[in-house]
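Notes for the one structure printed next.
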Amino acid sequence: MMDKTFNPAEAEARIYADWEESGAFKPKDDPNADPFCIVIPPPNVTGRLHIGHALNNTLQDVLIRYKRMLGDSVLWQPGTDHAGIATQMVVERQLAERQEPSRRDMGREKFLERVWDWKAESGGQIMTQLRRLGASCDWSRERFTMGEKDAENDQMQAAVMKVFVELYNQGLMYRGKRLVNWDPKFETAISDLEVENIEVDGHMWHFKYPLAGGKTYTYVEKDADGNVVLEEERDYISIATTRPETMLGDGAVAVHPDDERYAPIVGELCEIPVGPKEHRRLIPIITDEYPDPEFGSGAVKITGAHDFNDYEVAKRNNIPLYRLMDTRAAMRADGAPYAQCAEQAMALAKGADLPSEAEVDAINLVPENYRGLDRFEAREKIIADITAEGLAVMVTPEAKDVDEDAPQPVPYVENKKIQQPFGDRSHVVIEPMLTDQWFANAGELAKEAIAAVEDGRTTFHPKNWEKTYFEWMRNIQPWCVSRQLWWGHQIPAWYDEDGGVYVAESEEAAIAQAGGKKLTRDPDVLDTWFSSALWPFSTLGWPENTQELERFYPNAVLITAFDIIFFWVARMMMQGLHFMKDENGKPQIPFKDVYIHALVRDEKGQKMSKSKGNVIDPLELIDEFGADAVRFSLASQAGQGRDIRMSKQRVEGYRNFGTKLWNAARFCEMNECAVPAGFDPKTVSQTVNKWILSEAQATVAAVEKGLAEYRFNEAAAAAYRFTWNIFCDWHLEFAKPLLQGDDEAAKAECRATTAYVLDIALKILHPFMPFVTEALWEQTGQRDTHLIVADWPRLEGLDDAAAQSEMDWLISVITDIRRVRAEMNVPAGAQLNAVAVGASGEIAGCIERNRPLIQRMARLAEITLGDSVPPASAQTVIGETTFALPLEGVIDFGAERERIAKELKKLDGEITRLEKKLGNEKFVANAPEAVVAEQREKLGDYTAQKAKMAEALSRLEQA
RNA sequence: GGGCGGUUAGCUCAGUUGGGAGAGCAUCUCGUUUACACCGAGAGGGUCGGGGGUUCGAGCCCCUCACCGCCCA
């Protein structure tokens, strides 16, 4: 005898181990089977399974299990990502917490040792957690983006090196001094994608840049109609800035070429109003399309080394780029004294030839009294100094705003919202910084990646994500791939003492290239996403031409969340298409489909994050409700294009569903249901059996359709509804009289069919709820294989419209009688008699055939055919037949009248609506015939029913 | 500022070529009929964000407004 409920805690680990041991997770070695491969989005190696992983991996496992049952050769390729910044950050924090030497004190080699240790210590965790979820990955093929520690000629490392070297040799990878996003906390460059622009309260300060030599001009301001609203003599140009500390690095002031206000002074020099008086720097006033005359004063200071827009302006106009900060974003303290540097800069401003990048970079234009200050401290000090000197633009506040009668002018500072860049990991303000970095020519790589989606070689689901993909790909910027970190793939570039660069897959090769010169390797590592971009083929053995690569590339589908379309999907597309070619040299896509799923949020719709403390731990949910419930909950909510809000209640509901299924199986066991050898469902004779088989076939088709279209929620719902609302609620109840009756043939057929249909339910539910279905599979029959590798049900020829319509009729008879009973407050235990009045021969036959079912399920003592409604009856109309329930002594005539009147009203509403519609000539003329016919039929049905109900009411009135 | 998505029952959400709205949970009533109370039977509850348009017909298509969310600048 089976237990009353499924015990996930006991069963899951055992079942999982069985699967793994049986080799079920490995792709089957059948050359005729279709290949189906999904590569897992590799989680951070030292991460923990969060609810987003749970969703992502549930959906993958659903497809994987489905395809496996279909008979495909299925590979779900697992592995983890080394997650450069994230992992290094964790280990550095640990060192700090344990008061151990810092990364820098420790040195690179020792530090990396520690990271590998940490990986070893915590690395397996998430893979264990995926197992708990039921993920059926081929663990024997697990890969790590960094490869194996200390391995010689490690393949995963070789793949990265080869890609870098080839891109370099093809001119698609280059090194240069560029303005990049600099994270002062981690002291590394990061890519555009790792920057989050957040709107914060900022200020806009207005300062006067005095014209050189005390020159003056007439400043004229006009309104929209050209009327002069302000005209004054000025000896300065007014500049607005949100970042005063960068004034020190200004190379010019720019105004729009059409801006008449400043036309008189274009080409003049003006003075940066900060720094020691005797060394005030002069910079030219230039024109450029960039300044918006409507914004601020219309004049923009150009600080090429600390602002992306300014950088472009500076490049266009040959304005020197003066770097002001060090790697921690403190004001530079290196280099020559300010006086000397300022003099150099002065010469450049006056037209001297620009020296080399490196020479300009060596110029430190931070005056001594600001050197070494944090950038924000420097800002405060500079504002104070400028204001003290009287070079802040002053305004006179409205008298009402201040107490004094004669308000004093105050510095003009606007409070305004500004977009400030923050590091997505460090959460500190990112500094645009001029540094030497490696860049991939993403624009070039993107071309094929765009084309592949345009021409449908790769398709996004839902399709609207393609727009996002195109938008980004078509405006893609060079990809900064170097990171000033230690944990990662060290860039395979070596330098000789003269600055010569040698890019090669190994040090030996580089030395050979250099002709034996003394070389030093580039200390930087590659962006983590550089290696994960290779994941669809590196995990399959590339650069070796392995069987797996041959068989499983392109992958079938990639399943991921939208937040990494740019980070990952786009880059896999670029790298895959660039490096994987077919025998004709045609680029090969990494995957045919990309399914983008939602983000999982908390009950309130907030993005889950550790800092908000609203994280729902999937493992806790699994502990409480079982993996099946968690999986089903996620899959059933995975509608396209919407976020998922996770609630415990819903998980609980699906746990209950598992129990329901369990008990249905238990019922089958108790009634000795089993599928006899050679059972052919097409041969069943009982209507009930024909009907449930017909329903089953429709359900299997619905599940298949849902999965084929990546509508996981619909597939899950179809399986759920069938199992609970059709199989359990109706079929098992219909089966009871047969299973407990004396007709041995009918009993045998019913046992066989019920067991057969239960198996179907187990199979279609297995992708969603693998554990409980596997456990039941084990317990409900003699099985040749585990369910995980059982054949997907391929049903055909079982649809049966006649059985469907008879059972639908039966269900509505039972439901209606139950409703009347409930509404008339008939005690649940009372056995009533029913009289069917006006039944045709056909209906009479139906009643005859299903008498025991109606009696049992509607709790009737007897059901007879009659010519007239007995007195004191409650009545309900189904089709042409009135079912009367004599309730002598029980019936409340008032209540019954009210009930029938209510039904009549409802019918009237429907009839009026339909009559109006059918009375509309245009409807009849324009609507498809089928629709018109359907509406006519409905009207006919409702009208007939109304007549019967009216009769019923009149009988009551007479009583 | 540009783009995308959302607004449907008290809550969370389905609703796939436009033919008068569904589920789960919650609520109310009844029920222990030996598969299941992690259950069963029944009920109530929505002018599908507002306005306009196209159409014989709009939750669904178009326009517009409002609010919410995300991405990009």
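Letters A, B, ... are given to chains in the order of the sequence lines, protein chains preceding strands, and every chain is numbered from 1.
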Determine, for nucleotides 31-43 of chain B in 5'-to-3' order, which nucleotides have protein heavy atoms under 4.0 Å from the base (write B), from only the sugar-phosphate (write S), or from neither (write -). S-B-BBSBSSSSS
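Residue A/Phe460 contributes atom CZ, which lies 17 Å from atom P of B/rC4 at whole-angstrom precision. In this structure, A/Phe712 atom CZ and B/rA23 atom P are separated by 25 Å, rounded to whole Å. Atom CG in A/Asp307 sits roughly 13 Å away from atom C1' in B/rA73 (whole-Å rounding). Per the geometry, CD1 belonging to A/Ile476 stands 15 Å off C1' belonging to B/rC71, to the nearest Å. Atom CG of A/Asn464 is separated from atom P of B/rG5 by 6 Å (rounded to the nearest Å). Rounded to a whole Å, the CZ atom of A/Arg650 is 11 Å from the C1' atom of B/rC11. When the C1' atom of B/rC72 is taken as reference, atom CD of A/Glu194 falls 17 Å away, rounded to whole Å. One can place CD of A/Gln477 at 13 Å from P of B/rC72, the figure rounded to the nearest angstrom.
Of the P atoms belonging to B/rG20 and B/rA26, the separation is 31 Å, rounded to the nearest Å. For B/rG46 and B/rG40, the P atoms lie 26 Å apart once the distance is rounded to whole Å. Spacing of C1' atoms, B/rA73 relative to B/rU17, comes out at 37 Å, to the nearest Å. Here the separation of B/rG50 from B/rA37, taken at their P atoms, is 44 Å to the nearest Å. A distance of about 16 Å separates the P atoms of B/rA35 and B/rC39, rounded to the whole Å. When the P atom is compared between B/rG6 and B/rU16, the two are found 12 Å apart, to the nearest whole Å. Across the C1' atoms, B/rC13 and B/rU8 are found 9 Å apart, a figure rounded to whole Å. Across the C1' atoms, B/rU64 and B/rU54 are found 15 Å apart, a figure rounded to whole Å.
Closest heavy-atom contact between A/Ile814 and A/Ala858: CG2-N, 4.3 Å. Closest non-hydrogen pair, A/Lys747 versus A/Leu739, comes out as CE-O, 3.2 Å. Closest heavy-atom contact between A/Ser873 and A/Glu896: O-OE2, 4.2 Å.
Checked for salt-bridge contact, A/Lys315 and A/Glu312 miss the test: no charged N lies under 4.0 Å from a carboxylate O. No salt bridge links A/Arg316 with A/Glu289; every basic N to acidic carboxylate O contact stays at or beyond 4.0 Å. Electrostatic pairing of A/Glu652 and A/Lys648 does not count as a salt bridge here, judged by no charged N lying under 4.0 Å from a carboxylate O. Taking a cutoff of 4.0 Å between a charged side-chain nitrogen and a carboxylate oxygen, A/Asp816 and A/Arg819 qualify as a salt bridge.
Using a 4.0 Å heavy-atom cutoff across all strands shown, A/Arg721 reaches no nucleic acid atom at all. When heavy atoms are screened at a 4.0 angstrom cut-off, A/Gln649 is found touching the sugar-phosphate backbone but no base atom. If you check every strand for non-hydrogen atoms under 4.0 Å, A/Lys916 touches nothing. Looking at heavy-atom distances under 4.0 Å, A/Glu714 makes contact with a base.
A parallel orientation is assigned to the rings of A/Tyr595 and A/Tyr710, their planes being inclined by less than 30° (bins at 30° and 60°). Taking the six-membered ring where tryptophan is involved, the planes of A/Trp472 and A/Phe566 are essentially parallel, since the angle between them stays under 30° and well short of 60°.
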Protein-nucleotides 56-60 of chain B N/O pairs closer than 3.5 Å?
from, atom 1, to, atom 2, distance (Å)
B/rC56, OP1, A/Asn926, ND2, 3.3
B/rC56, O2', A/Asn920, ND2, 2.7

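No donor-acceptor contact under 3.5 angstrom links the side chains of A/Glu915 and A/Thr912, judged on distance only.
For the side chain to side chain contact (heavy atoms under 4.5 Å, CB included) criterion with A/Ile302, the lone passing option out of A/Asp288, A/Val313, A/Asp307, A/Asn309 is A/Val313. A ring-ring contact (aromatic ring centres under 6.0 Å, His included) with A/Phe768 holds for exactly one of A/Phe632, A/Phe712, A/Phe657; it is A/Phe632.
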Which dot-bracket string fits RNA chain B when only Watson-Crick or G-U wobble pairs with both atom distances under 3.5 Å count, crossing pairs get [ ], and | stands for a partner on a different strand? (((((((..((((.....[..)))).(((((.......))))).....(((((..]....)))))))))))).
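Taking the centre of each ring, A/Tyr654 and A/Tyr720 come in below the 6.0 Å mark.
Mapping A/Glu910 and A/Gln419 onto RNA chain B by nearest heavy atom places A/Glu910 at the nucleotide closer to the 5' end.
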